[in-house]
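Worksheet: one structure, shown below.
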Amino acid sequence: MDIKKLLSKLTLEEKIYQLMQIRAYTYLYDSSLNIITGPDTKYGIDEKYVYEVGTVLNCGVAENMIKIQEKYLANSKNKIPLIFMQDVIHGYRTLYPINLGLASSFDTDLAEKCAAMAAKEASVDGIHLTFAPMVDLARDARWGRVMESSGEDTYLNCKMAEATVKGYQGDFGKYNVASCVKHFAAYGAAEGGRDYNTVDMSERTLREYYLPSYKAAIDAGASSLMTAFNVVDGIPAAGNKWLVKDLLRDEWGFNGVVISDYAAAYEMINHGFCEDEKEVAYNAINATLDIEMVSNCYVLKLKELVEEGKVKESQIDECVLRILELKDKLGLFDNPHRSTSPEEAAKFHVCPEHRALARYAATQSAVLLKNEGVLPLSKDIGSIAVIGPLANTGEIFGNWFCNGRADETISVLDGIKNAYTGVINYAEGCSVSRESTDESGISEAVEAAKKSDAVILCLGEHQFDNGECKSKAFLDLPEIQYKLYREILKANPNTAVVLFTGRPLTIRELKDTSPAILNMWEPGTEGGNACADLIFGDVNPSGKLTMSFPYTVGQCPLYYNYYTTGRPKVSDDIKNAYVTSYIDSPNGPLYPFGYGLSYTEFEYSDFNLSGDVMERGGKLTASVKVKNVGKYKGKETVQMYIRDLFGSTVRPIKELRGYEKIELMPGEERVVSFDITEDTLAFYGSDLVKKAESGKFHVFIGKNSACTHFAEFVLK
Ligand code: BGC
Ligand code: BGC
C-alpha cells in the first residue's frame, strides 16, 4: 500500500478521525448505531464517528471482529481498516500466571513462549495489537498493578520486556500481534502505592531505574507505546512534550505509534494542566501523541487549532502516517480480517498444547517460601484435607483474563483429584472476602483436617483484589483467614499453606508458624494441576521472588537495591539509635528479592574472581561452584550482584547484574560464571551520562539478594 498517497487523499477531518480510538462496545451493543449509549456519550461519541475512527479497543470474539470490520468498511468512505487492540497481558483464553509470577521463573524463553501462545490465541480471535508488555518498575506492594509487572529490578525488567515483545511480535507472522509497551513513564512510582496518583522523581532516577525497561521493549521492536496516567515532572504523560517528543522520539528514535491511556488525554483537564479540550488537543499533538484512547479532544478541536494556525497540518500528517504504517505492517490493507478465524479460535483456544504450556509456566513461577519437611506430599498417604476459600474455585486465573474463564480453570481441589487416588476431605472453611467475619464454616474444616494425614490450606487474595485500581493500605491476610489457619494448624500440624496473591503480602504469622508456604501467585488456567505437580513433587519448585515481601506495610516502597545513606543500619539484629531505622520494625524484608526454596539443597562453593583489577575495555569473570546436595533434581537461579562503593552520585548497596538458571541432578555440580565488563558497571551520574566510573567494586554471587560479597576489584 502506498501510504503517503493514501494520506494525501484524506481531508483534514478524515485524518483527525484516524487519531481517535473508540471501544468495540460502541459497535457491539448498538447494532443499529442510532443510539450510542453508556459512558461513550460522556466523550461525545456519536454515529458520525464510528465509521471514521482509526482504531478500536477492548475487542471480542472472532465472529464479532469480522462483523465489525465488514460493517465499518462497508460504511466508511476511505475503507481504511480498523486496528483492533486489546489488553492481552498474561494469556488470552488460556491464561498463564500473572506477570509478577512468570518473572519469578527468571526464565525469559518461557516468557517468550507464553507471549507467543497468547498472541496465537488472540490473533485468531481478531486482535491485532496487545497493550503489553507492562514494564513499569514496581517497588510498592500497595499498588495493585504490581501483578502485571516483572517486579522491582530494572535489569530483570529489561530481560522480561525484550522476551515478551519478541514472543508477541515474532516475525510479524499470521499468529503474531503487535506489541504496545506501557505505561510511559514511571507509572509504578505512584505516591503511597495509590493508583493514578502523583509520580515525582529526579531525571537521574528516572533514567537509571524506570526508563530502561521501556527502552528495552522498543529496542526489541515494540511497534507501539502507551503513555501513563501520571504526571512526569508535573506534566501529564499524554501531553508531556519532553517525555514523548524530546526523549522518546528524538533521543531514542522511536517512530512507532504512541497512544494515550484510557481517557488520559481528556484527564489532563482533571489534572489541572489543561483548561479545556482545546488545550488538551494542543498539548497532546505537540507531544506527538498519535492516538487518543476513548476521549475525543482531537476530533473536537484539532481542526480549529489548524485553522487558527496554532497546530500545523504536517503534525497531524506525521501521526496519521505512523498509524497507517502500522496498519500496513499488520497487512490489514491486503486482508482486513488478518488472521481472524472462528475455526482456528475453536481449535487453538485452551487446546491441550496451550494448557500444557500454561501448566508448566505455573510450576516454574511458584515460589516455595518455607518448608519444614511437609512438602512434597507422598501420593501414598491415605488422606488429604483440601481446605480454604481458594481451594475449590477457578477464580485463581488472574486479573487480566481476556476471554479466560473460571469454568475452564483447574481448581486446586480438581488438580489434587487429578493427581491423587486417596481420600480427599474438602471444606471451604471461610470466605475469601476481606469483609467477611463469618466463622461458621471453620468447625467443618477442622473436622476435615483432623481426619486427614495432611492438609493443603489455600489462602490469600482473591484475584480481583489486585490489578488496576486495587491499591491496598493493608497487606496482610484478612483476619477471618488467620482464624481458619490457626484452628487448622492446631487440628493438624502436617499442614502446608498454598498462597494465592497478585502482590507481596505481609504474612509474618505464616512465616513464623506455618510448616510450609507455597506461593502460587495467580497461576492461570492450569493453576490447580500445577499446584498438584508441585505439592506431590512431580515438579520441584524453583521460582524466586522478583519483589521483596515486606515485613510490614509501613516499609513500602521496599526494594533490595536501596542507597546506603549517611547513617546505615548495619544489621536488623542490632538496636542502635541514630541510624536509619524504625523503632518498631526491621528495615529488611520478610522475604528478599531473589528468594525461593527448593525441595533439594544447593551448596555454593569455590567463589572466584579472575582478577582484582579491571582495565578500561577489559573483562573480569566471577564464578561459583553450585552443587545439588539434596535428594531431588532441581533448578536454581544463581544470581550475581555488583556494588560500586563510591560514585559521583550515591550507589545502591547492590544491584543484580547477571543470573543463570541451571538444573542439577542430585549430587551433580556445575561452575557458573558471569562476565563483568564496563557495561556491567555503568550508571547515570549527576551529568545524566551513563558510564562506568573508576574505583572499587564488590561482587556478590548467591541464592538471593541477601547474599554477601566475596570479592573486591578496582576499575582503573
Ligand atoms: C489501563 C491500561 C489499558 C487500558 C485499555 C487502562 O485503564 O491503565 O493498562 O491498556 O485501560 O484497556
Ligand atoms: C540533629 C540536629 C541537632 C544536632 C545537634 C543532630 O543529631 O539532627 O537536629 O541540631 O544533632 O544536637
Side-chain angles (χ1 to χ4, degrees), residues 20-26 28 38-40 42-43 53 55-60 83-92 98-100 118 122 127-138 143-150 161 164-165 168 177-190 194-197 199 213-214 217 222-231 236-238 257-268 270-271 289-295 398-404 464 466-471 502 565-568 576-581:
M20 174 148 190
Q21 175 161 98
I22 62 174
R23 303 180 308 157
Y25 172 93
T26 312
L28 292 176
D40 287 340
K42 179 170 143 200
Y43 301 112
V53 299
T55 59
V56 169
L57 91 148
N58 289 349
C59 305
I83 306 183
F84 295 128
M85 307 189 176
Q86 191 170 353
D87 299 276
V88 182
I89 308 287
H90 57 94
Y92 184 74
I98 58 167
N99 311 78
L100 187 61
I127 313 300
H128 308 138
L129 176 147
T130 173
F131 297 126
M134 183 278 218
V135 301
D136 306 325
L137 184 74
W143 192 44
R145 301 195 77 166
V146 304
M147 52 84 58
E148 298 167 56
S149 81
S150 47
T164 310
V165 170
Y168 286 130
V177 293
S179 160
C180 173
V181 59
K182 69 188 186 188
H183 307 81
F184 194 64
Y187 181 35
R194 209 175 67 222
D195 211 359
Y196 319 127
N197 201 14
V199 169
S213 49
Y214 308 102
S223 307
S224 177
L225 172 142
M226 186 187 293
T227 55
F229 283 123
N230 53 276
V231 295
V257 169
V258 174
I259 182 167
S260 77
D261 204 342
Y262 200 104
Y266 178 84
E267 288 167 10
M268 292 201 281
N270 301 344
H271 274 288
L289 182 90
D290 300 315
I291 299 181
E292 183 182 358
M293 188 191 287
V294 177
S295 58
N399 198 337
W400 271 118
F401 55 93
C402 290
N403 287 8
F464 296 146
N466 54 68
E468 184 175 348
C469 202
K470 299 292 167 62
S471 295
T565 79
R567 297 210 173 168
N576 44 359
Y578 300 104
V579 298
T580 181
S581 60

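Atoms within a ligand are numbered from 1 in the order they appear, just like the ligands themselves.
Residue His183 places at least one N or O, backbone or side chain, under 3.5 Å from an N or O of ligand 1. At least one N or O atom of Lys182 sits closer than 3.5 Å to an N or O atom of ligand 1. Residue Glu468 has at least one N or O atom closer than 3.5 Å to an N or O atom of ligand 1.
Note: Tyr214 and Tyr187 fail the aromatic proximity criterion, with ring centroids not under 6.0 Å apart.
Atoms of ligand 1 found under 4.0 Å from any heavy atom of Leu57, numbered from 1 in the order shown, are 5 (C), 12 (O). Near Phe131, meaning under 4.0 Å from one of its heavy atoms, ligand 1 places the atoms 10 (O). Proximity to Asn58 (heavy-atom distance under 4.0 Å) selects the following atoms of ligand 1: 12 (O).
Contact of the Trp143 side chain with the Asp136 side chain is registered, since non-hydrogen atoms from C-beta on lie closer than 4.5 Å.
Looking at Gln86, Arg145, Met226, it is Arg145 that brings a heavy atom closest to atom 8 (O) of ligand 1.
The two residues Thr130 and Val177 make their nearest non-hydrogen contact at CG2-CG2, 3.7 Å.
Between the side chain of Asp290 and the backbone N or O of Val258 there is at least one donor-acceptor pair closer than 3.5 Å. Judged purely by atom type and a 3.5 angstrom limit, Asn99 uses its side chain to pair as donor or acceptor with the backbone of Ile89.
Using a non-hydrogen distance threshold of 4.0 Å, Glu148 does not register as a contact of ligand 1.
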- Query: Hey, mind stepping through Phe131 and Leu57 against side-chain contact (heavy atoms from CB on, under 4.5 Å) and telling me if it holds?
  - Reply: CA-CA 10 Å; Phe131 297 126; Leu57 91 148; 4.2 Å; yes
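The protein non-hydrogen atom at the shortest distance from atom 2 (C) of ligand 1 is Asp261 OD1, 3.3 Å. Regarding atom 10 (O) of ligand 1, its nearest protein heavy-atom neighbour is Asp87 OD1, 2.4 Å.
The only member of Cys180, Ser150, Ser179 that meets side chain to side chain contact (heavy atoms under 4.5 Å, CB included) when paired with Pro133 is Ser179.
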